[in-house]
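Structure record follows, encoded as structure tokens.
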Amino acid sequence: MPSEPTHVDLVELADQVRARKLSAVEVAEASLARIADKQPELNCFISLDADGAMRAARAVDARIARGEDPGPLAGVPLAHKDMFYRQGRISTCGSKIRRQWVADNTATALTRLDAAGALDLGGLNMTEFAVGPTGHNLQFGACRNPWNTSHSPGGSSAGSGAAVAARLVHGSLGSDTGGSIRLPSAFNGVTGMKPTQTRVSRHAVMPLSGSFDCVGPLARSARDVARLMSVLAGHDPLDSTSSRRPSENFEAACELPVKGPKVGLPTSYYTDGLDPALERALTVTGKVLAAMGCALVEVPVPAHEPLNMLWQIILSAEAATIHRRWLIERPGDYNPQVKRRIELGLYLPATRYLEAMDARDRLTREFAGMVFSRCDVLLTPGTPVPAPTLDELDVGASDKMPELILKLSAFTRPISFLGLPALSLPCGFAENGLPLGMQLVGRPFAEATLLRLGHHYQQATDWHRRVPPI
Amino acid sequence: MDREMLRRLARTWHGIELSEAEADGIRRFLDSVEPVAERESRRHEFQDEPARYWATLEALAEQH
């Protein structure tokens with residue numbers, strides 16, 4: 001039913017509302033009805049703000065009726081990982097500790113989306129405190145993958161990936177510290193961007209690791225992500241760490257021709273332990289890109305073990321600093337797996353942390369020297385495997401946990417350590433019907449290049465148009 | 001670091017009483033990252049400084 005408002009792409013929907021072909025109220029009602037229907041199966045939402053969404057929809061329609069510009073996201077139903085603060089609203093961060101915590105300020109990312117006319121339908125399920133790639137949540141129940149509800153939607157932006165894929169909302173904000181936008185994008189067959197470190201404001205967003213936390217959008221296509229990024233990117237005076245680079249018209253960049261970029265195929269690491277279905281999908285992807293005029297080049301990559309291990313040190317130290325008081329006073333209020341991963345940082349010497357921080361510069365230059373001297377964009381799998389079942393990933397804080405988590409985030413975590421932008425795109429399906437994801441990695445601040453390549457790839461394929469059978 | 005050392009650190013630094021099982025789990029993690037951390041630390045230069053990373057991101061940025 002492609003003509004249903006819930007099934008129209010974000011860009012097309014906003015343009016229809018702006019052109020008065022659809023009212024924002026109609027659109028909001030359609031999304032709320034679909035959410036009511038699918039929430040029992042998927043558990044995407046922690047909280048629903050139907051009244052707020054309807055008020056915002058009526059305000060958009062009123063602006064249009066007055067002849068005002070309602071913004072580039074007019075009437076677009078969005079919902080966000082429940083860690084983007086909105087003044088006066090509970091932001092649980094997926095946790096027991098913040099289950100009733102009411103924010104006293106509003107995330108700049110939300111303020112920008114509001115100003116662009118978007119509707120905020122509520123807070124989405126997530127891994128507790130954004131620590132973990134599996135989508136489990138002991139407080140609010142696991143979110144489920146709409147392609148097969150016994151499978152994981154990935155994490156930690158679990159609800160974001162599942163809600164976008166299931167056509168409950170047209171887009172969503174996630175956060176990505178080691179893969180938390182890209183993993184749910186890959187497992188749910190949607191398109192998600194982890195921008196360059198500092199590209200999008202993190203003001204009034206739950207922190208986990210200041211060195212790695214990134215805010216970014218998940219949506220159904222690269223073009224949809226581009227429109228969201230055009231609204232989100234750019235310096236924020238409220239976030240002193242945000243880049244001074246101005247935002248760009250990423251959507252316009254998508255429409256520019258692809259002029260023979262060199263796409264790098266890693267000769268090691270990203271080929272290790274790969275599911276055969278992903279291998280085949282990436283081979284086909286290479287052919288599609290070549291037919292688009294891209295030059296495919298084999299690219300050696302530096303050893304990734306330091307990137308993974310030093311990432312772990314920095315993450316643990318920074319997260320433990322944020323959580324130390326609660327780890328001491330309320331240890332029983334954490335999911336044991338989350339607690340274990342955070343508390344490690346309590347026992348690392350400060351010198352190890354600072355050595356890891358210092359190494360980031362050197363290792364980023366080494367990576368860029370090997371990779372971006374040979375190609376413009378690196379193509380990797382998004383994950384080594386399609387989404388496992390929730391039961392397979394239910395390892396708690398056992399000794400199996402570190403290896404499992406490293407396996408799931410093996411291809412995303414190193415890119416987080418380097419702070420590079422990456423776009424996750426669907427690139428096929430496994431035999432069991434679950435989506436497969438790939439990742440395009442670019443130079444710092446090359447979001448426009450990644451989105452353009454992603455958009456042209458999606459003009460030549462239809463993986464992103466497939467709808468889960470729920 | 002052995003189990004008892006870790007439990008003493010937890011008690012002294014943070015006022016946390018770790019069970020033996022908890023201490024073993026944490027120790028195994030620390031053991032898993034330590035060799036790489038030590039190896040990388042030997043590449044550390046006297047003038048290294050974390051903020052250089054941000055300048056590197058700008059320097060490596062795509063030129064339009």
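Values reported hereafter were calculated over all heavy atoms of this structure, with side chains retained and with hydrogens, waters and symmetry mates removed. Order of the sequence lines fixes the chain letters, A, B, ..., with proteins taken first and strands second; residue numbering starts at 1 for each chain.
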Self-check item: Expected output: side-chain R443(A) to main-chain L60(B) donor-acceptor under 3.5 Å
Solution: yes
Quiz prompt | Separation between OG of S32(B) and CG of L344(A), rounded to the nearest 0.5 Å | solution = 8.5 Å
Exercise. Go through D48(B) and D361(A) one step at a time and tell me if the side-chain contact (heavy atoms from CB on, under 4.5 Å) criterion holds.
Key: CA-CA 9 Å; D48(B) 277 354; D361(A) 171 51; 5.8 Å; no
Quiz prompt | Structural part of S398(A) lying under 4.5 Å from a heavy atom of chain B | solution = neither
Self-check item: Separation between CG of L327(A) and CD1 of I16(B), rounded to the nearest 0.5 Å
Solution: 6.0 Å
Quiz prompt | Exercise: identify the closest heavy-atom pair between A37(B) and I313(A) | solution = CB-CD1, 3.7 Å
Quiz item: Yes or no on side-chain contact (heavy atoms from CB on, under 4.5 Å) for F29(B) and Q312(A), after CA distance, side-chain angles and deciding distance?
Solution: CA-CA 10 Å; F29(B) 162 77; Q312(A) 183 66 66; 3.1 Å; yes
Quiz prompt | Salt bridge present between R42(B) and E355(A) (N-O < 4.0 angstrom) | solution = no
Exercise. Take E22(B) and R340(A), measure what side-chain contact (heavy atoms from CB on, under 4.5 Å) needs, and give me the verdict at the end.
Key: CA-CA 8 Å; E22(B) 286 173 321; R340(A) 170 59 48 82; 4.1 Å; yes
Quiz prompt | Atom group of L363(A) that falls short of 4.5 Å from chain B, counting heavy atoms | solution = side chain
Quiz item: Counting only heavy atoms not in E403(A), do more than 12 fall under 6.0 Å of its CD?
Solution: no
Quiz item: Any side-chain heavy-atom pair from M357(A) and R52(B) closer than 4.5 angstrom?
Solution: no
Practice problem: Could you have a look at M309(A), M401(A), R360(A) and say which one has the most heavy-atom pairs with chain B under 4.5 angstrom? | Solution: R360(A)
Self-check item: Minimum heavy-atom distance D358(A)-H44(B), with the two atoms named
Solution: OD2-NE2, 2.5 Å
Quiz item: Between A10(B), A21(B), P35(B), which residue shows the highest count of heavy-atom pairs closer than 4.5 Å to chain A?
Solution: A10(B)
Quiz item: Can you find a pair of side-chain heavy atoms, one from V33(B) and one from W311(A), that are under 4.5 Å apart?
Solution: no
Quiz prompt | Salt-bridge criterion met for R43(B) and E366(A) (N-O under 4.0 Å) | solution = yes
Quiz prompt | Per-residue contact mode, E45(B) against chain A (heavy atom under 4.5 angstrom) | solution = neither
Exercise. Decide, yes or no, whether a salt bridge links E34(B) with R352(A) under the criterion of side-chain N to carboxylate O below 4.0 Å.
Key: yes
Self-check item: Gap between atom CE of M5(B) and atom OH of Y347(A) - 0.5 Å precision
Solution: 12.0 Å
Exercise. Examine whether an atom of L346(A) lies under 4.5 Å from a heavy atom of chain B, and if so say whether it belongs to the side chain, the backbone or both; otherwise answer neither.
Key: both
Practice problem: Identify which part of T351(A) has an atom lying under 4.5 Å from any heavy atom of chain B, answering side chain, backbone, both or neither. | Solution: neither
Practice problem: Heavy-atom distances under 4.5 Å only: say whether Q197(A) touches chain B with side chain, backbone, both or neither. | Solution: both
Quiz item: Can you find a pair of side-chain heavy atoms, one from E58(B) and one from R244(A), that are under 4.5 Å apart?
Solution: no
Self-check item: Intermediate values then yes/no, side-chain contact (heavy atoms from CB on, under 4.5 Å), S211(A) and Y53(B)
Solution: CA-CA 11 Å; S211(A) 296; Y53(B) 166 74; over 6 Å; no
Quiz prompt | Under the side-chain hydrogen bond (donor to acceptor under 3.5 Å, both in side chains) test, residues paired with S268(A) that sit two or more places apart | solution = none
Quiz item: Given that the side chain runs from C-beta out, which part of L30(B) has a heavy atom under 4.5 Å from chain A: side chain, backbone, both or neither?
Solution: side chain
Which atom pairs, donor and acceptor, lie under 3.5 Å between side-chain atoms of residues 369-377 of chain A and protein residues at least two apart or in another chain?
| unit_1 | atom_1 | unit_2 | atom_2 | d |
| --- | --- | --- | --- | --- |
| S373(A) | OG | G369(A) | O | 2.5 |
| R374(A) | NH1 | M370(A) | O | 2.7 |
| D376(A) | OD2 | K262(A) | N | 2.7 |

Quiz prompt | Heavy-atom proximity to chain B below 4.5 Å, by part of P402(A) | solution = neither
